[in-house]
> 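Next up is a structure, given as structure tokens.
In this text, all values refer to a predicted model and were calculated from it rather than measured experimentally. Counting begins at 1 with the first residue of the sequence.
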Amino acid sequence: MANTFHLKTKDGGSLAANTDMTVYTVGSGVTTVVIGCTIANITSSSITVDAKLENNDGDNIFIGKDLPIPTGSSLDILAGKIVMNTSDIFKIQSDTANSTSVALSIMEQT
């Protein structure tokens with residue numbers, strides 16, 4: 001199996017409030033280890049974000065819910081690593097429109 005490190009980024013600067021932003025979807029035949037996730041607040045006021053995983057069975061779980069990010073700050077939301085399998089989806093949602101930038105560090109095993 002080959003291990004490949006990637007940085008997946010997403011700009012939520014044009015996204016409506018309370019809308020899921022898909023940051024990463026695991027491809028076919030791939031196992032992914034999420035190493036880190038940093039969410040930046042790009043607005044002039046505080047925001048609250050949710051981080052979610054949707055697995056290939058359609059179950060949605062929260063990695064973090066109602067996480068506050070003050071103006072001009074960022075938040076590293078992971079305390080450990082997360083293993084994702086084929087078709088799993090990593091999503092972020094903010095309570096404020098046009099408010100986030102996300103950097104997701106992963107290792108894909110193929």
> For the hydrophobic clusters of this structure (ILVMFWY residues joined by side-chain heavy atoms under 4.5 Å, transitively), does one cluster hold both Tyr24 and Ile35?
no
> Could you give the distance from CE (Met21) to CG (Asp11), rounded to the nearest 0.5 Å?
8.0 Å
> Just so I know, are the side chains of Phe90 and Lys10 near enough to count as touching, which here means a heavy-atom distance under 4.5 Å?
no
> Heavy atoms only: give me the nearest Ser28-Thr86 pair and the separation to one decimal.
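Here Ser28 and Thr86 meet closest at CA-CG2, 3.6 Å.
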> Within the distance-only criterion (no hydrogens, no angle test), does the side chain of Asn3 pair as donor or acceptor with the backbone N or O of Gln109 below 3.5 angstrom?
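It does not hold such a pair.
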> Can you name the closest pair of heavy atoms from Thr43 and Asn98 and give their distance?
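For Thr43 versus Asn98, the nearest heavy atoms are CG2-O, 3.7 Å.
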> Provide the closest heavy-atom pair for Glu108 versus Thr32 in the form atom of the first, atom of the second, distance.
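Distance-wise, the nearest heavy atoms are CG-OG1, 3.7 Å.
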> Could you tell me which residues satisfy salt bridge (charged side-chain N to carboxylate O under 4.0 Å, His left out) with Glu54, sequence neighbours excluded, listed by chain and number?
Lys91
> At what distance, to the nearest 0.5 angstrom, does CD1 of Ile82 lie from CD1 of Ile61?
7.0 Å
> Which residues pass the side-chain contact (heavy atoms from CB on, under 4.5 Å) test with Thr4, not counting sequence neighbours?
His6
> Is the closest side-chain heavy-atom distance between Val49 and Ile69 below 4.5 Å?
yes
> Can you tell if the side chain of Val83 reaches within under 4.5 Å of the side chain of Thr31, non-hydrogen atoms only?
yes
> I'd like to know if the side chain of Asp88 and the backbone of Val26 have a donor-acceptor N/O pair within less than 3.5 Å.
no
> Hey, does the side chain of Thr25 reach the backbone of Ile89 with a donor-acceptor pair shorter than 3.5 angstrom?
no
> Just how far is it from atom OG1 of Thr48 to atom CG of Asp95, taken to the nearest 0.5 Å?
4.5 Å
> Can you name the side-chain contact (heavy atoms from CB on, under 4.5 Å) partners of Thr110, sequence neighbours left out?
Ala2, Val30
> What's the separation between atom CD1 in Ile47 and atom OG in Ser45, rounded to the nearest 0.5 Å?
8.0 Å
> Taking only residues two or more places apart in sequence or in another chain, which ones pass side-chain contact (heavy atoms from CB on, under 4.5 Å) with Pro70?
Ser46, Ser73
> Is it the case that the side chain of Asn41 and the backbone of Gly72 share a donor-acceptor pair, with hydrogens and angles ignored and the cut-off at 3.5 Å?
no
> Sequence neighbours excluded, which residues qualify as side-chain contact (heavy atoms from CB on, under 4.5 Å) partners of Lys81?
Val33
> Going by heavy atoms in the side chains, are Leu104 and Leu7 under 4.5 Å from each other?
no
> Who passes salt bridge (charged side-chain N to carboxylate O under 4.0 Å, His left out) against Lys52, sequence neighbours left out?
Asp20
> Distance from Asp59 atom CG to Leu53 atom CG, nearest 0.5 Å?
11.0 Å
> Have a look at Ile92 and tell me which of Thr22, Leu15, Thr19, Val102 forms a side chain to side chain contact (heavy atoms under 4.5 Å, CB included) with it.
Val102
> Check whether any side-chain heavy atom of Ser101 lies under 4.5 Å from a side-chain heavy atom of Thr9, and answer yes or no.
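Not in contact.
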> Can you tell me if Ser99 and Ser94 form a side-chain donor-acceptor pair at under 3.5 Å?
yes
